[in-house]
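In what follows, a structure is listed as structure tokens, so that the remarks can point back to it.
All figures in this text were calculated on a predicted structure; none of them were measured in a lab.
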Amino acid sequence: MGMNDTPSGERVHIGFFGRRNAGKSSVVNAVTGQNLSIVSDTKGTTTDPVYKAMELLPLGPVVIIDTPGIDDVGALGEERVRRTKQVLNKTDIAVVIVDGTEGLATADEDVVALIRSKGLPYLIVYNKADLTGKTAAVEKDAVRVSALTGAGIHELKEKLARLKPDEDEVPIVSDLISGGDMVVLVVPIDSAAPKGRLILPQQQTIREILDSNSAAIVVKENELAHTLACFKEKPSLVITDSQAFGKVSADTPDDIRLTSFSILMARHKGLLESAVRGVTAIDRLKDGDTVLIAEGCTHHRQCEDIGTVKIPRWLKSYTNRDIHIETASGRDFPEDLSPYALVIHCGGCMLNAREVGYRMKNAADQAVPITNYGIAIAYMKGILRRSLSVFPDLQRLLPED
């Protein structure tokens, strides 16, 4: 991802839902001005959710999601419907496409009810206005369009813009520093580091520091001590990659605040307090317990991958227990968490806040503790209290040393 691109997890996610042959894909193509989805008269042409990050005026950066029909049938169709319903967990605005020649069907009403139960803003779109010839007004949360002629598409986009959620997200780091501050970022360059670029949380953090009129100094973990010794004035904050927590903590004087990219991203996505509350479950793990390690993205696994290699190794060493490890990545987060004694999640930089919130609520509803990489690693290294020094209210959630 380029430094000027809006990350997918920070974009408004707009999901298009409806029955087969209602014209979902045709409306998506008309709204985006692109042939984003395959269009056919054959029912069930869209077999998997299709995602497209783009700029859509007047909304700005968005992710458009075209989904399979909610009335699909058969064993495979049931799986497609399940995946379609999963899309609602990451949707900020829902659009229900109705075949205007037939009107609202039971399947349409069911998905509207599901959308309402999740508290999502939504819009009902009656497609095929060119065939109905109807000009009568529709209900307040609806619009009549023709994907074929383009009629009503401009109005649809204007109504979508009015449904855009308020931008009240928690910053990553800007509220923790002041203009003129110096922030040191510790970025290990190992076999798993993407060649030629920084990972997304590092990019986002650097940008916020610069936007705050502060200075970002980026070093590898073996250069931190020397770098700090060269400063005439101590930095305001040191932010480290979680896997280097132990060494960075040892090399950073106690009077300098220390935290991690993962901890900051957990706060940014709304997971941090739950992660701090859940981390003590590590001490209650027993022989035979299963821990789920979940990531929001998919990537090529390296020999020292943090999620599949390092954290399992640290867990087993810290607990001295025979613990079973299962992993999940991308969109394959289990709905049933009952088999797990603990969920350890990544920072969630590739997920939007709504999906992180869904995963967090899913764990809470099933009474399964959830924490994240940075919190778990700092806890096992014995430096979590220090790593939360920038969030003193959360330090109070930890047991006394």
Side-chain angles (χ1 to χ4, degrees), residues 9-10 167-187 200-202 204-209 211-212 214 216 224 234-283 296 311 342-349 351-353 356-357 359-361 363-364 369-401:
E10 309 296 325
E167 296 181 357
D168 57 354
E169 63 185 18
V170 176
I172 298 174
V173 71
S174 59
D175 60 328
L176 304 176
I177 57 178
S178 302
D181 279 353
M182 183 167 54
V183 182
V184 178
L185 311 178
V186 182
V187 178
L200 182 56
Q202 295 161 0
Q204 292 176 274
T205 304
I206 290 172
R207 179 56 191 261
E208 271 203 20
I209 293 170
D211 285 344
S212 301
S214 296
L224 175 62
K234 64 183 180 182
S236 171
L237 179 65
V238 172
I239 305 172
T240 181
D241 186 284
S242 297
Q243 59 186 312
F245 242 145
K247 178 170 176 54
V248 171
S249 178
D251 290 346
T252 304
D254 291 338
D255 60 349
I256 297 177
R257 296 181 302 166
L258 170 67
T259 192
S260 75
F261 294 104
S262 185
I263 289 174
L264 294 177
M265 287 303 300
R267 183 181 72 128
H268 180 56
K269 299 294 184 178
L271 178 63
L272 184 55
E273 182 172 339
S274 294
V276 174
R277 292 184 183 277
V279 74
T280 57
I282 291 176
D283 291 330
I311 290 179
L342 174 66
V343 176
I344 303 179
H345 206 288
C346 69
C349 65
L351 305 176
N352 65 352
V356 173
R359 295 184 177 196
M360 184 171 61
K361 184 178 185 302
I370 185 170
T371 189
N372 91 324
Y373 283 15
I375 296 292
I377 295 170
Y379 187 77
M380 290 186 287
K381 301 283 185 183
I383 56 173
L384 180 55
R385 184 174 296 278
R386 181 186 182 189
S387 304
L388 291 174
S389 61
V390 290
F391 309 118
D393 288 345
L394 295 182
Q395 285 181 314
R396 302 188 184 101
L397 301 178
L398 299 175
E400 294 297 329
D401 294 333

Could you check if a side-chain atom of R277 sits within less than 4.5 angstrom of a side-chain atom of P369, using non-hydrogen atoms only?
no
Which atom pair, heavy atoms only, marks the closest approach of I344 to A376?
CG2-CB, 4.2 Å
Say you draw a straight line from CG of L176 to OG of S214; how long is it, rounded to the nearest 0.5 Å?
11.0 Å
Indicate yes or no for a side-chain donor-acceptor contact from K269 to the backbone of L351 under 3.5 Å, with no hydrogens or angles considered.
yes
For G374 and F245, work out which heavy atoms get closest and say how close.
O-CE1, 3.5 Å
Test item: L398 and L388 side chains (from C-beta on) under 4.5 Å apart, heavy atoms:
yes
Check: I263 and Y373 side chains under 4.5 Å, non-hydrogen atoms
no
Walk me through whether I282 and M380 qualify under side chain to side chain contact (heavy atoms under 4.5 Å, CB included).
CA-CA 9 Å; I282 291 176; M380 290 186 287; 4.2 Å; yes
So how far is it from S260 OG to I383 CD1, rounded to the nearest 0.5 Å?
9.0 Å
Does any non-hydrogen side-chain atom of V184 lie less than 4.5 Å from one of I239?
no
To the nearest 0.5 Å, what is the distance between OG1 (T205) and CG (L264)?
6.0 Å
Checking E10 against H268 for the side-chain hydrogen bond (donor to acceptor under 3.5 Å, both in side chains) test, could you report, in this order, the C-alpha distance in whole Å, the side-chain angles of both residues, the deciding distance, and whether it holds?
CA-CA 10 Å; E10 309 296 325; H268 180 56; 3.1 Å; yes
Which atom of A216 lies closest to which atom of L185, heavy atoms considered
CB-CD1, 4.3 Å
Considering non-hydrogen atoms only, spot the tightest contact between M265 and P201 and give its length.
CG-CB, 3.8 Å
How many angstroms lie between atom CG of L384 and atom OG1 of T371, to the nearest 0.5 angstrom?
8.0 Å
With side chain to side chain contact (heavy atoms under 4.5 Å, CB included) as the test, would you mind laying out the steps for D283 and Y379 before giving the verdict?
CA-CA 10 Å; D283 291 330; Y379 187 77; 2.2 Å; yes
Verify, without hydrogens or angle tests, whether D241 (side chain) and F261 (backbone) share a donor-acceptor contact under 3.5 angstrom.
no
Distance from I177 atom CD1 to S236 atom OG, nearest 0.5 Å?
7.0 Å
Test salt bridge (Lys or Arg N to Asp or Glu O under 4.0 Å) applied to K247 - qualifying residues, sequence neighbours left out:
D251
With side chains defined as the heavy atoms from C-beta onward, is the minimum distance between V173 and V183 less than 4.5 Å?
no
Check whether any side-chain heavy atom of I256 sits under 4.5 Å from a side-chain heavy atom of L237, and report yes or no.
no
Where the side chain of T240 meets the backbone of L258, is there a donor-acceptor pair that is under 3.5 Å apart?
no
Within this structure, what is the CG-CD distance for the pair D211 and Q204, rounded to the nearest 0.5 Å?
11.5 Å
So, do I375 and S262 sit near enough that their side-chain heavy atoms are less than 4.5 Å apart?
no
Could you tell me whether a side-chain N or O of R257 sits under 3.5 Å from a main-chain N or O of V238, the two making a donor and an acceptor?
no
Apply the salt bridge (charged side-chain N to carboxylate O under 4.0 Å, His left out) test between K234 and each candidate in D181, D254, D255; give the one that qualifies.
D255
Does S387 offer a backbone N or O that forms a donor-acceptor pair with the side chain of T259 under 3.5 Å?
yes
Check for a donor-acceptor pair, side chain of S389 on one end and backbone N or O of R386 on the other, with a separation under 3.5 Å.
yes
Check: Q202 main-chain N/O paired with R207 side-chain donor or acceptor under 3.5 Å:
no
How close do A281 and L342 get, heavy atom to heavy atom, and via which atoms?
CB-CD1, 4.1 Å
For the residue pair D175 and R267, establish whether any side-chain heavy-atom pair is separated by less than 4.5 Å.
yes
